[in-house]
Amino acid sequence: MVQRLLLERERWPLWLPVFLGLGIAVYFGLGVEPPGGLGAVCVALALGVAVVLRRWGLGFLVGWPLVFVALGFAAAQARSAWVAAPVLERPSGRVVVQGLADEVEPLAEGGQRVTLIQPRLDWDGPVPAKLRLRLKQNDPVPVGAVIRLDAILVPPPQPMAPGAFDFARHAWSMGLAAVGTGLSAPQIVTPSPSAWGLNRLRQIILERMTRQLPGGTGGVAAALVTGETSAIPRGVLDDYRDSGLAHLLSISGLHMSLLAGMAFFVLRGGLALIPSVALRHPIKKWAAGLAMLATFFYMLLAGAPVPAQRAFVMTGIVLLAVLLDRSALSMRLVAWAAIGVLLLSPEALIGPSFQMSFAAVMALIASYEKLAGPLSAWGANHKAWHHRVALYVVGLMLSSLVAGSATALYGAYHFNRFAPFSLLANLAAVPLTGAVVMPSAMVALLLMPLGLDGLALVPLGWGVDAINWVAAQVASLPGAATLLPPLPSWGLAAFTLGGLWLGLWKETWRLWGLLPMGAGLAGFLTVTPPDILVDGRGYSFAVRMADGSLLVNRGGRLLRDTWERRAGPLSDEPWPKNAVSADQNLACGAGFCLWRDRDRRVAYVQKDEAVQDACASADWVIAAVPLRDKCRGRARVIDRFDLWRGGAHVLWLSSGRVDSVARWQGDRPWSHHPVKRRKKPEEIPASSEKETENDDS
């Protein structure tokens with residue numbers, strides 16, 4: 001082992017971002033918030049240990065890994081403290097909100113989503129520093145304007161099931177302290193200044209593209225330029241997701257490389273036509289510098305999401321290598337990009353964008369290191385045009401296959417879906433994106449100040465329509481979107497460790513990484529879906545039917561979609577009202593529902609007058625009303641107090657195990673659950689179906 005490590009000494013630095021990520025994962029995996037300053041203490045101690053170990057020759061093998069683990073932990077803790085802001089603790093009721101419109105996003109289903117900063121509220125509670133409202137009005141609010149309107153605000157919604165997407169944590173990292181719905185038309189208090197910056201420019205581009213290219217065409221075109229997907233209809237988004245083309249809607253390496261390549265070759269080719277310039281000046285370096293500026297502006301225009309940051313860092317290093325006459329494509333480039341992104345945005349580590357983008361790039365470069373020689377040799381001996389076409393097609397197929405294989409498990413972990421026909425879709429869509437869509441989009445941006453962007457938007461629309469058609473056709477194939485059970489976190493960790501071992505080393509011992517990768521995939525087989533699910537208000541309830549499907553009484557699209565992905569397919573059978581389900585296991589009537597499975601019985605109660613009957617006939621009682629000591633005997637109880645404090649609950653009746661969102665989240669800054677003490681019923685915030693439907697705001 002030691003000899004193998006010494007043989008690959010030049011690959012050791014590639015593991016530093018891995019240890020950095022490990023420290024970040026430790027921070028986010030804690031059940032309680034660590035004491036302030038603990039990260040800085042850990043870094044100091046790790047540096048001391050590294051200095052001591054250096055004397056024994058173990059500085060790089062042991063000391064630096066410890067330093068980077070501590071640095072990752074400290075960076076995550078510091079970032080959490082930096083974005084900390086007062087969060088709304090309870091629904092506000094109807095209030096007057098005034099604030100500056102920092103970002104405006106049109107919605108495909110109508111209306112818009114407005115992010116307000118520096119808000120003012122007419123109430124005595126804590127005032128959030130940043131909030132987001134969903135408005136029904138289609139007339140866009142000007143970015144930079146101060147607006148006033150009536151609205152209802154709620155805290156950032158907690159996950160709808162343990163392990164589901166944690167919007168509250170996501171909102172915390174963005175400094176978003178409240179979400180809500182506008183109840184009146186916004187009034188412009190102060191008009192937008194003539195120059196407001198990139199957010200205003202993004203809004204103008206969105207408006208022009210969606211106006212001239214209606215429907216899904218304009219929404220997808222705007223997403224490719226600005227990274228904003230809110231204007232894309234739900235059906236088109238589903239087609240992109242189910243066909244494996246969703247990565248095209250996220251500004252990432254493909255978009256950055258296409259833009260950089262176009263800028264580089266257009267400028268270099270143009271300057272080459274002027275002999276006096278081409279012979280006397282380094283036009284190649286000039287072109288690289290311009291391409292770097294263009295990609296930096298593109299990243300800012302897209303709002304600098306994690307994939308765009310990673311792509312800009314990597315593209316920038318490639319162009320910098322051109323400026324310095326160095327080789328650009330290497331695994332060290334990926335390592336430096338990962339370190340930069342993780343230090344700036346540690347929370348990106350636990351999100352799908354970071355995991356999928358870096359997994360794809362690392363796998364592609366590792367494959368390139370092995371296949372570049374044979375493919376180049378073949379290309380040198382086969383120079384006919386049809387050979388070049390064949391080499392391009394093979395390269396495209398290999399790239400799609402490698403990137404798709406590397407990211408498939410991360411997509412399954414976060415979205416519980418697998419797109420088996422993604423290779424077919426990418427073979428058709430990626431060339432269209434590179435040859436038609438992105439060049440037309442860049443020309444449209446250049447012509448927009450002159451009012452001539454319509455000339456480029458026409459071919460852009462043709463290209464987007466073709467990609468939308470490919471996405472729809474592939475998504476309609478049988479089995480195009482395979483639903484997978486939730487993967488345990490240990491399965492993701494094992495697969496990631498194996499993939500890193502396989503990709504970062506070069507010798508044959510890299511194949512050992514296949515073992516933990518296989519163990520991680522086996523994690524799918526260890527999952528047992530829960531039998532009962534209930535939301536945090538006791539409003540929505542789901543039971544496992546005899547055929548394995550979930551029967552849900554009510555709830556919004558987002559809740560149903562989340563429960564389907566976390567616990568299995570939803571039943572088409574309607575919830576029985578004063579009747580019995582088709583499998584005879586669920587009976588509703590007399591104010592409560594009773595579910596039976598073998599010798600286990602669960603009662604679901606929403607009215608006070610049905611409590612006594614439910615408690616007398618069930619082993620478990622789940623109540624949307626406070627029970628206090630009304631339910632005595634052997635029945636186990638989850639009542640309104642438990643749901644209010646713990647959020648959504650799930651139950652496995654065979655083992656008697658219960659889990660809740662609060663238990664899964666732990667005591668962290670973004671997990672705003674009430675303290676565990678008895679409250680009077682009137683102190684518990686009321687809920688409504690409208691709140692449930694608006695959780696995705």
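Everything quoted here is computed from the prediction, not taken from an experiment. These numbers come from the heavy atoms of this one structure, side chains and all, not from hydrogens, waters or symmetry mates.
With respect to Ile232, the side-chain contact (heavy atoms from CB on, under 4.5 Å) criterion is satisfied by exactly one of Leu107, Leu237, Thr210: Leu237.
In terms of heavy atoms, Leu319 sits closest to Ala260 at CD1-CB, 4.5 Å.
No more than 12 heavy atoms of other residues, nucleotides or ligands shown are found within 6.0 angstrom of CZ on Phe296. Heavy-atom neighbours of Asp547 CG from other residues, nucleotides or ligands within 6.0 Å: above the threshold of 12. The 12-atom threshold is not exceeded at CH2 of Trp336, counting heavy atoms of other residues, nucleotides or ligands nearer than 6.0 Å. The local environment of CH2 in Trp469 is sparse, with at most 12 non-hydrogen atoms from other residues, nucleotides or ligands closer than 6.0 Å.
Side-chain atoms of Ser345 never come within 3.5 Å of backbone atoms of Leu342 as a donor-acceptor pair (strictly under, hydrogens ignored). Using a distance-only test at 3.5 Å, with no hydrogens or angles considered, no donor-acceptor pair links the side chain of Gln158 to the main chain of Val661. Without hydrogens or angle criteria, Arg169 side chain to Gln665 main chain gives no donor-acceptor distance under 3.5 Å. Put simply, the side chain of Arg113 never gets that close to the backbone of Arg132: no donor and acceptor are under 3.5 Å apart. A distance-only check finds no donor-acceptor pair linking the side chain of Ser571 to the backbone of Leu550 [under 3.5 Å]. In terms of modelled atom types and a separation under 3.5 Å, the side chain of Gln203 and the main chain of Val141 share a donor-acceptor contact. Counting only distance, with no hydrogens or angles, the side chain of Arg202 and the backbone of Leu300 share a donor-acceptor pair below 3.5 Å. In this structure, Asn138 contributes its side chain and Gly111 its backbone to a donor-acceptor pair below 3.5 Å. Using modelled atom types, no side-chain atom of Glu103 and backbone atom of Val143 make a donor-acceptor pair closer than 3.5 Å.
Between atom CG of residue Asp242 and atom OG of residue Ser422 there is a gap of 11.5 Å, rounded to the nearest 0.5 Å. For the atom pair OG1 (Thr482) and CG (Asn416), the distance works out to 12.5 Å, reported to the nearest 0.5 Å. With rounding to the nearest 0.5 Å, the separation of CZ in Arg560 from CG in Leu570 is 7.0 Å. Put simply, OG on Ser540 and CG on Asn553 are 5.5 Å apart, with the number rounded to the nearest 0.5 Å.
Using bins of under 30°, 30° to 60° and over 60° for the plane-to-plane angle, the ring pair Trp501/Trp505 lands in the perpendicular bin. Relative ring orientation between Phe165 and His170 is described as tilted, the plane-to-plane angle lying within the 30° to 60° band. Note on ring orientation: taking the six-membered ring where Trp is involved, the planes of Phe28 and Trp670 are tilted (angle from 30° to 60°).
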>> Run Leu504 and Val18 through side-chain contact (heavy atoms from CB on, under 4.5 Å) and show every step you take.
In response: CA-CA 10 Å; Leu504 296 184; Val18 178; 4.1 Å; yes

> Thr115 and Asp102: side chain to side chain donor-acceptor pair (under 3.5 Å), yes or no, with the steps?
Replying inline: CA-CA 6 Å; Thr115 301; Asp102 183 58; over 6 Å; no

>> If you apply the rule side-chain contact (heavy atoms from CB on, under 4.5 Å), what do you find for Leu409 with Phe524, and how did you get there?
In response: CA-CA 10 Å; Leu409 183 111; Phe524 285 114; 3.9 Å; yes

> Do Asn468 and Asp239 pass the side-chain contact (heavy atoms from CB on, under 4.5 Å) test, and can you show the C-alpha distance, the side-chain angles, and the key distance before you say yes or no?
Replying inline: CA-CA 8 Å; Asn468 290 352; Asp239 289 342; over 6 Å; no

> Step by step, would you call Tyr240 with Val220 a side-chain contact (heavy atoms from CB on, under 4.5 Å)?
Replying inline: CA-CA 10 Å; Tyr240 272 75; Val220 172; 3.6 Å; yes

